[in-house]
Amino acid sequence: AQSVSQHNHHVILSEAASLELGCNYSYGGTVNLFWYVQYPGQHLQLLLKYFSGDPLVKGIKGFEAEFIKSKFSFNLRKPSVQWSDTAEYFCAVNEGTGFQKLVFGTGTRLLVSP
Amino acid sequence: GAGVSQSPSNKVTEKGKDVELRCDPISGHTALYWYRQSLGQGLEFLIYFQGNSAPDKSGLPSDRFSAERTGGSVSTLTIQRTQQEDSAVYLCASSARRKWGSLTDTQYFGPGTRLTVL
């Protein structure tokens, strides 16, 4: 079965620090990849997605992610975090052959101190 | 435009009672999904509806769980004889369409229903 691993469960950074959150998935076929964010008290929102094409994907709020097929990875990055980036981040995958069930990682809680 | 809405936002029930959770997808979205977010378990897929096709129920954890979607729009998730382990946030998502072998549409999530079983 498809699985998604997020290795960092809790990350604490100071403002202006760089961020990289790891995401690895297990499926070897065609995949679609997503990062969702859940700000405190809010619902899940899409940060960015990869379907095909350029493996470096840019999303909202200065986030980007790179799909590295050989490593089964889709790490999320931001060069300079802000206090408002404090949230929980979820990596998700679905198989690219039609059925759109999302398989989520367990999430990473990011705390950015001002 | 309006997003996915869910009701109630919070539900507290006693063990053994039945509960119904409602989801209103984004207008025009043909696909609807239910997920469950449990403490320490992350987000788990429960069930998926696409148009008039038979739903995929492969994620339902037991036969106490069922869902229906009326008129291709509103969906209700029913949990019978609730147990304490059913306590979680139940999330609904919708997407515009399903395409084979190519781009898939993004799932947009509702705010969830927080279910507490005492």
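Keep in mind that this is a model prediction, so the values were computed, not measured. Any value given below was found using the heavy atoms of this structure, including those in side chains, with hydrogens, waters and symmetry copies removed. Just so it is clear: chains get the letters A, B, ... in the order the sequence lines come, proteins before strands, and each one is counted from 1.
Distance check: Phe51(A) CZ to Thr106(B) OG1 gives 4.5 Å after rounding to the nearest 0.5 Å. Rounded to the nearest 0.5 Å, atoms NE2 (His43(A)) and OG (Ser5(B)) are 10.5 Å apart.
Leu13(A) is connected to Leu76(A) through a chain of hydrophobic side-chain contacts under 4.5 Å among Ile, Leu, Val, Met, Phe, Trp and Tyr, so both are in one cluster. Hydrophobic clustering keeps Tyr90(B) apart from Tyr33(B) (ILVMFWY residues linked when any side-chain heavy atoms are closer than 4.5 Å, directly or through intermediates).
For the pair Leu44(A)/Leu43(B), a side-chain contact is recorded, criterion being any heavy-atom separation below 4.5 Å from C-beta on.
Remark: Phe67(A) engages Tyr50(A) in a ring-ring contact (aromatic ring centres under 6.0 Å, His included) (not counting sequence neighbours).
In this structure a side-chain-to-backbone donor-acceptor pair under 3.5 Å is missing from Tyr35(B) to Phe104(A).
Closest of all the heavy-atom pairs between Gln37(B) and Phe90(A) is NE2-CZ, 3.4 Å. When all heavy atoms of Lys101(A) and Phe45(B) are compared, the pair lying nearest together is CD-CD2, 3.1 Å.
Within 6.0 Å of CD1 on Ile12(A) lie no more than 12 heavy atoms contributed by other residues, nucleotides or ligands. The neighbour count for Ile60(A) CD1, taken as heavy atoms of other residues, nucleotides or ligands under 6.0 Å away, is above 12. Counting heavy atoms of neighbouring residues, nucleotides and ligands inside a 6.0 Å radius, atom CZ of Arg109(A) does not exceed 12 of them.
Counting heavy-atom pairs under 4.5 Å between each of Leu46(A), Val103(A), Leu102(A), Thr106(A) and chain B puts Leu102(A) at the top.
Proximity to chain B (any heavy atom under 4.5 Å) is shown, for Gln42(A), by neither the backbone nor the side chain.
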